[in-house]
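See below for the structure under consideration.
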Amino acid sequence: MGRKIIIANRGEIAVRIIRTCREMGLKAVAVYSEADRVSPHVLMASEAYPIGPAPSADSYLRGDRIVEVARKAGAHALHPGYGFLSENIAFATAVEKAGLTWIGPPPRSMAQMGDKVAARALARDLDVPVIPGSDEPVVSPKEADRVARRVGFPLLVKAVGGGGGKGMRIVHTPGELADALSRASSEAAASFSDERIFIEKYLPRPRHVEIQVVADAYGSVVAFTERECSIQRRYQKIIEESPSPAVTPQVRDRLTAWAKRIALKCGYLGVGTVEFLGDEKGNFYFLEMNTRLQVEHPVTEMITGVDLVREQIRVSSGERLSLKDGSGDPSGHAIECRIYAEDGFRNFIPSTGTILGLEIPDGFGTRFDHGLRVGQEITPHYDPLLGKLITWGVDRREALNRMKRALKECHIVGVETTVPFCHAVVSHPRFDSGKIDTHFIPDEMESLKENSSRAREAHRRIASVVTAIHVWEAASGPSHDGKPPQPVSRWKSEGRKDALR
Amino acid sequence: MKFLAAVDGKELTFHLRRVNRKVTVQLEDSEEEVDFVQLSPYSYSVLVGGTSHYLIITEHSEGFRVVVDQQAYDVKITDERALVLRKLGMTRTAKDSRGEVRAPIPGLITSVFVKPGAKINRGDRVAILEAMKMENEIQSFVSGTVEKVAVSPGQSVEKNALLASVLREDDGDR
């Protein structure tokens, strides 16, 4: 195994990967844009090199510069994290051409699973159910009509080359079809440089459930207990948990077997996720495979004790999986809340600003993966994900109670965050019951707001009074104990503790 | 000293008195003693009758943002002097009655949905602001009549840039 890994990413995931590198005795090389000179991933890495101006198109998406930096730094392998270039086949190929190890699946598997129509065909050949739809990209309105008649309305037109809701349209009537097709196609061309479109039946209230797999180069694949990811906003996940409250042992066996079959068939290497949609009757269908480390990988780590990044690095350097089938047997339950710089109660509008204060929740069963520092600027250039709060419990009830407790301890001062919104969701009776689907947030928004404003009554008076005292104190100089208000210095108090030991 | 606080569209008047280390709050119907300690430039510990509260207070252009128990409150404080001015009828300055819809983050305006003179309700969309690779719907936080539209599609805006101003109609709501 080599000794130096370059991480082509930033934020919480770069920090997460650097941690495992250090634990494995590997040197971690960071790359940074002009906006990230003093971001935590740069401060933590053993080496760090600039790759361009703040906009990601000029820095974190500049594969050529990153490969150049990797070469100069003498890195032996590259970890792409998620997002940015992690699913870019040309970049993966360039990394391998430069003589570096790509910590990810072979570009061939990425290409096969990145093409949604090819991925559906692969699943179908393996007798894995796929959502009824077109077997080929749909090229003409006439052909679309034919497929539509077969699958029925409502249906979805989707981009062959991408995901995340881009290039996707719901079509309710035959009359809307031609227009939706051309709009989705031009959106797909703009987002993925691939205008091809296909058709899928629209599942009205689906659950999103996914299987984490790890594969080595010797034909071993381990599939883990499913993650439930139905709590989404704008087709992006915000709360995930494992196991799913809706998956029975029989269904679990089926999903993990399907996921393994797909990973083996596409020649997969490293960590990946096979996503499924479940309908109201409990049938599950293959949706797509994400050929990278997922944001929500920690929930699997928390219930299995497996460091997925470590496994990913090991198998990419040609080692055998140390896991056996059954390593994925879960112990307890884990929940993750994504902390975005967004106001969940105001349409998830992003928030920018300077981090003035940071209070990180901890305690038993609590993990907070983040890339934050006091004084850091949250800019509009990058994804608004600040960090992920993960709690573990012996069962769902304990994990949930722990999550409510941990969210109350979490204070990120200076920007709006989804902490209050996540608290409202995990406190909601419907979330508690586990009867969730991907429409939970739009369906329950009013009740989430209402529950949240009921809690407001109690503290209105204390908020008023304390703010008045704050104004009064600021106007009348030093506070009542005769000393001017001062931030508590951790260094000083730690130093004092040491002196007393 | 007398203070008036406005939160969620509700007002509360009280007197503050300082006795040694403690602040006494005199409300219409009661009096309570508050033990108040500032912990950092933004955080406060308050003990009221043995109940412990932890608050985070940050200042912004329109007043204070106060977080108690993961609930955020926008608090406006008016002190005695300002209250006298208010009694003399010099209360409602133009700024008070106007709701200014501003850009919460820098970005690109891609659509504008309002015109001067139009009626607008709280929650109605004003514009689409593209930022952080997402389209963000900017809503009006007041009901009233659109007085001015300060942006047009295709325009880049900085954080806090004025998008539109709305002549407020009191809805007594937050």
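Below, read A as the first sequence line, B as the second, and so on, with proteins coming before strands; counting in each chain starts at 1. Both backbone and side-chain heavy atoms feed into the values below; hydrogens, waters and symmetry mates do not. From a predicted model like this one, the values you see are computed outputs, not experimental measurements.
- Proximity to chain A is limited to the side chain of B:I56, based on heavy atoms less than 4.5 angstrom apart.
- When all heavy atoms of B:V7 and A:S464 are compared, the pair lying nearest together is CG2-OG, 3.1 Å.
- For the residue pair B:L55 and A:A463, the shortest heavy atom distance occurs at CD2-CA, 4.1 Å.
- Both the backbone and the side chain of A:V465 come within contact range of chain B, each with at least one heavy atom under 4.5 Å from a heavy atom of that chain.
- Here B:F36 contributes atom CZ and A:I469 contributes atom CD1; the two are 5.5 Å apart, rounded to the nearest 0.5 Å.
- In this structure, the separation between NE2 on A:H423 and CD on B:Q71 is 9.0 Å, given to the nearest 0.5 Å.
- In this structure, chain A has a heavy atom under 4.5 Å from the backbone of B:A72, while its side chain stays farther away.
- The two atoms that bring B:P106 and A:T352 nearest to each other are CD-OG1, 3.8 Å, heavy atoms only.
- If you measure heavy-atom distances from A:F348 to chain B, the contacts under 4.5 Å come from the backbone alone.
- Counting heavy atoms from C-beta outward, B:L12 and A:R460 have side chains that stay 4.5 Å or more apart.
- Considering all non-hydrogen atoms of both residues, B:P104 and A:I349 come closest at CG-CD1, 3.5 Å.
- For the pair B:D79/A:V471, no side-chain contact is recorded, criterion being any heavy-atom separation below 4.5 Å from C-beta on.
- With chain A as partner, the option from B:V66, B:V67, B:V75, B:D69 having the largest number of non-hydrogen pairs under 4.5 angstrom is B:D69.
- Residue contact with chain A, scored on non-hydrogen atoms closer than 4.5 Å, involves the side chain of B:E32 exclusively.
- Contacts of A:D383 with chain B are absent, with no heavy-atom separation under 4.5 Å from either backbone or side chain.
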Steps toward side chain to side chain contact (heavy atoms under 4.5 Å, CB included) verdict (B:Q70, A:K404)
CA-CA 11 Å; B:Q70 291 301 359; A:K404 291 181 208 166; over 6 Å; no

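- In terms of heavy atoms, A:P350 sits closest to B:N136 at CD-OD1, 2.7 Å.
- With a 4.5 angstrom heavy-atom cutoff, A:R346 does not touch chain B via any of its atoms.
- The parts of B:E137 that come within reach of chain A are both its backbone and its side chain, each placing non-hydrogen atoms under 4.5 angstrom from that chain.
- Side-chain rings of A:H411 and B:Y54 approach one another, their centers coming within less than 6.0 Å.
- The contact between A:T467 and chain B is made by backbone and side chain atoms together, counting heavy-atom distances below 4.5 Å.
- The two residues B:R17 and A:W472 have their closest heavy-atom pair at C-CH2, 3.9 Å.
- Counting only N and O atoms by type, the side chains of A:H470 and B:Y44 include a donor and acceptor under 3.5 Å apart.
- B:L129 does not touch chain A: none of its heavy atoms, backbone or side chain, sits under 4.5 Å away.
- Applying side chain to side chain contact (heavy atoms under 4.5 Å, CB included) to A:V466 and the options B:I57, B:V25, B:V68 leaves one that passes, B:I57.
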